[in-house]
Amino acid sequence: MSIHRTIKLAAMIGAFGLLSFASTPIANVSSSQSFALDGHAITAAGVTSWPVVVGDEITTSSAPAVVSFQDGSRIQLAPRSQAKIMGT
């Protein structure tokens, strides 16, 4: 294998690792009513919670939503509010 192929392979593996890390759920969001996650409507019926990753944007409708993080902390979003999950 040439040095260029080795470098390309290493770069692809590194990029895949970063993408895998970025999509690891860091919290769950739940609500008694529908809400939006990154602009996509999520219905509350039949789903107790939805995974959230860094960069996700949550928009509530007529009911509050609770964001529960893996460390046990929780944030309650008021009805008709919006929050974006940021990471370091």
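Heavy-atom basis, side chains included; hydrogens, waters and symmetry copies ignored.
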Grab the two heavy atoms, one from [X] and one from [Y], that are nearest each other, plus how far apart they are.
| X | Y | value |
| --- | --- | --- |
| Pro51 | Leu37 | O-CD2, 3.9 Å |
| Val52 | Asn28 | CG2-C, 4.2 Å |
| Pro64 | Gln76 | CB-NE2, 3.5 Å |
| Ser61 | Gln33 | OG-CB, 4.3 Å |
| Val29 | Ala65 | CG2-CB, 4.0 Å |

Check: Ile75 and Phe69 side chains under 4.5 Å, non-hydrogen atoms: yes
Got Ser62 and Arg80 here, is their nearest side-chain heavy-atom distance under 4.5 Å?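 With C-beta onward as the side chain, the pair touches.
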Under the side-chain hydrogen bond (donor to acceptor under 3.5 Å, both in side chains) rule, collect the residues that match up with Ser73, sequence neighbours excluded. Asp71
Using the test side chain to side chain contact (heavy atoms under 4.5 Å, CB included), find all partners of Ser68 that sit at least two apart in sequence or belong to another chain. Val66, Arg74
Can you pull the side-chain hydrogen bond (donor to acceptor under 3.5 Å, both in side chains) pairs that have at least one residue in residues 41-58, sequence neighbours excluded? Glu57-Gln82
Of the options Ile42, Val67, Asp38, which is the one that meets Ile58 in a side-chain contact (heavy atoms from CB on, under 4.5 Å)?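 The option that passes is Val67.
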